[in-house]
J.: 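This structure is in structure tokens; I'll ask about it shortly.
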Amino acid sequence: MTTKAERTTVYIVETVAPIFNKLGYVGTSMSDLTEATGLTKGALYGNFENKEALAIAAFEYNSKLLLDAIDVQINSEGTALEKLATLLDFYRHYDEFTLPMGGCPVLNVGVDAKHNNKLLTAAAKEVAKTIEGKIALTLENGINAAEIKLPVTPLQFGKQLYTMIQGAIAMATITGDRKYLLNTITYLEYLISNEIKK
């Protein structure tokens, strides 16, 4: 059974995670956080050492939601090609998935924190590398099962695949036009079924 303090900590993180993700580390004020949580500054700092610790907890919360969702896709039943197709379908609806959290945490935090918070930048970079690794492992399993042929290593291909997805997410976010995301996913589906499928 969780204590009241533990429940309060969870409540704070869940409440402020979308705010930090939308407004960024510098752009999020203490008044934004106290207003959203209904708690005083003292109550917030009673649970977290400082604003940075709270921002990192918020990013970790959003990242876990994202990584868990990706794991569901790539740990689903089926071949490596089917898992890649499931993952691409997840990304086709990625803007809907990330809407409650204020957008893509990797993109938002990675860009926002680049010049003002080394810990958040490192955390975003780590999540991106983790996702690339998950894609690469799926590709490697496909090679081992003689389903997939690649012109480069699975990690290199996985990085390129994720770069194209993140680029599409960035352009869709910047322009407000989902076609960037939809068209890129359609192209990647074509690439997988026509270029790397054995």
Side-chain angles (χ1 to χ4, degrees), residues 9-10 12-28 33 48-76 80 83-142 152-174 178 180-181 184-185 188 192:
T9 299
V10 169
I12 291 169
V13 172
E14 288 177 352
T15 305
V16 305
I19 297 168
F20 273 113
N21 199 25
K22 278 185 211 168
L23 303 181
Y25 175 69
V26 172
T28 301
L33 303 177
F48 295 91
E49 184 181 347
N50 52 34
K51 180 181 167 186
E52 182 179 55
L54 184 50
I56 289 168
F59 177 71
E60 287 172 349
Y61 174 78
N62 282 336
S63 297
K64 184 173 181 342
L65 292 176
L66 173 57
L67 292 172
D68 287 351
I70 289 172
D71 282 344
V72 167
Q73 314 312 310
I74 60 175
N75 293 329
S76 58
K83 291 176 185 199
L84 288 171
T86 303
L87 181 65
L88 289 177
D89 192 55
F90 166 75
Y91 273 110
R92 176 179 281 111
H93 304 283
Y94 187 67
D95 52 339
E96 297 162 23
F97 172 79
T98 59
L99 186 62
M101 64 176 71
C104 174
V106 178
L107 174 65
N108 291 2
V109 174
V111 172
D112 172 73
K114 180 71 178 167
H115 300 291
N116 62 49
N117 193 294
K118 289 181 182 176
L119 287 177
L120 279 170
T121 300
K125 189 175 178 180
E126 185 63 33
V127 171
K129 297 282 182 201
T130 300
I131 295 169
E132 290 170 357
K134 290 175 184 292
I135 295 169
L137 184 59
T138 305
L139 290 164
E140 189 174 328
N141 290 340
V152 293
T153 66
L155 185 57
Q156 190 177 341
F157 196 89
K159 283 178 181 242
Q160 192 59 48
L161 189 73
Y162 186 59
T163 297
M164 293 176 75
I165 291 169
Q166 271 304 124
I169 292 165
M171 289 304 295
T173 301
I174 291 164
R178 289 189 85 235
Y180 283 99
L181 186 58
T184 300
I185 296 302
L188 290 174
I192 286 168

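Quick note: numbers below take in every heavy atom, side chains included, and nothing from hydrogens, waters or symmetry partners.
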J.: Walk me through it: do I70 and T130 pass the test side chain to side chain contact (heavy atoms under 4.5 Å, CB included)?
T.: CA-CA 11 Å; I70 289 172; T130 300; over 6 Å; no
J.: Is any side-chain heavy atom of T138 closer than 4.5 Å to one of L87?
T.: no
J.: Are F20 and N108 close enough that some pair of their side-chain heavy atoms sits under 4.5 Å apart?
T.: no
J.: Enter the distance from T86:OG1 to I74:CD1 here, rounded to the nearest 0.5 Å.
T.: 10.5 Å
J.: Between N62 and P18, which heavy-atom pair has the shortest distance, and what is it?
T.: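 Closest pair (atom of N62, atom of P18, distance): ND2-N, 4.4 Å.
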J.: Nearest 0.5 Å, please: how far is CD in Q166 from CG in L107?
T.: 6.0 Å
J.: Below 4.5 Å, heavy atoms only, C-beta onward: do L88 and I165 meet side chain to side chain?
T.: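 L88 vs I165: side chains touch.
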J.: With the side chain counted from C-beta on, respond yes when V106 and Y162 share a heavy-atom pair under 4.5 Å apart, and no when they do not.
T.: yes
J.: Given side chains that start at C-beta, do those of T9 and F48 come closer than 4.5 Å, heavy atoms only?
T.: yes
J.: Sub-3.5 Å donor-acceptor pair from the side chain of T121 to the main-chain atoms of A113, do we have one?
T.: yes
J.: Other residues, nucleotides and ligands only: do more than 12 of their heavy atoms fall within 6.0 Å of CD on E49?
T.: no
J.: Out of curiosity, I192 CD1 to L84 CG, how far, rounded to the nearest 0.5 Å?
T.: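 Reported value, rounded in 0.5 Å steps: 4.5 Å.
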J.: Would the distance check show the side chain of N21 and the main-chain N or O of M101 forming a donor-acceptor pair, the cut-off being under 3.5 Å?
T.: yes
J.: For the NZ atom of K159 and the CD1 atom of I135, what is their distance to the nearest 0.5 Å?
T.: 11.5 Å
J.: Using every non-hydrogen atom in the two residues, find where N116 and Y25 come nearest and quote the distance to one decimal.
T.: OD1-CD2, 3.9 Å
J.: Distance from R178 atom CZ to R92 atom CZ, nearest 0.5 Å?
T.: 9.5 Å
J.: In Å, rounded to the nearest 0.5 Å, how long is the span from CG of L161 to CD of E132?
T.: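 One finds 10.0 Å between CG of L161 and CD of E132.
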J.: Between V72 and F90, is the side chain to side chain contact (heavy atoms under 4.5 Å, CB included) condition met? List the steps.
T.: CA-CA 10 Å; V72 167; F90 166 75; over 6 Å; no
J.: Are any of the side-chain heavy atoms of V13 and E60 separated by less than 4.5 Å?
T.: no
J.: Do Q73 and D89 pass the side chain to side chain contact (heavy atoms under 4.5 Å, CB included) test, and can you show the C-alpha distance, the side-chain angles, and the key distance before you say yes or no?
T.: CA-CA 9 Å; Q73 314 312 310; D89 192 55; over 6 Å; no
J.: Look at the side chain of D112 and the backbone N and O of L23, then say whether any donor-acceptor pair between them is shorter than 3.5 Å.
T.: no
J.: Could you label the plane-to-plane angle of the Y91 and Y94 rings as parallel, tilted or perpendicular, counting under 30° as parallel and over 60° as perpendicular?
T.: tilted
J.: Could you check if a side-chain atom of L188 sits within less than 4.5 angstrom of a side-chain atom of T184, using non-hydrogen atoms only?
T.: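 In contact.
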J.: Heavy atoms only: give me the nearest L155-A136 pair and the separation to one decimal.
T.: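 Scanning both residues completely, I find the closest heavy atoms to be CA-CB, 3.6 Å.
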J.: Is a side-chain donor or acceptor of K83 paired with a backbone partner of G142 at a separation under 3.5 angstrom?
T.: no
J.: Are the side chains of C104 and T173 in contact, using a 4.5 Å heavy-atom criterion?
T.: no
J.: Search all heavy atoms of A17 against all heavy atoms of A58 and return the closest pair with its distance.
T.: CA-CB, 3.6 Å
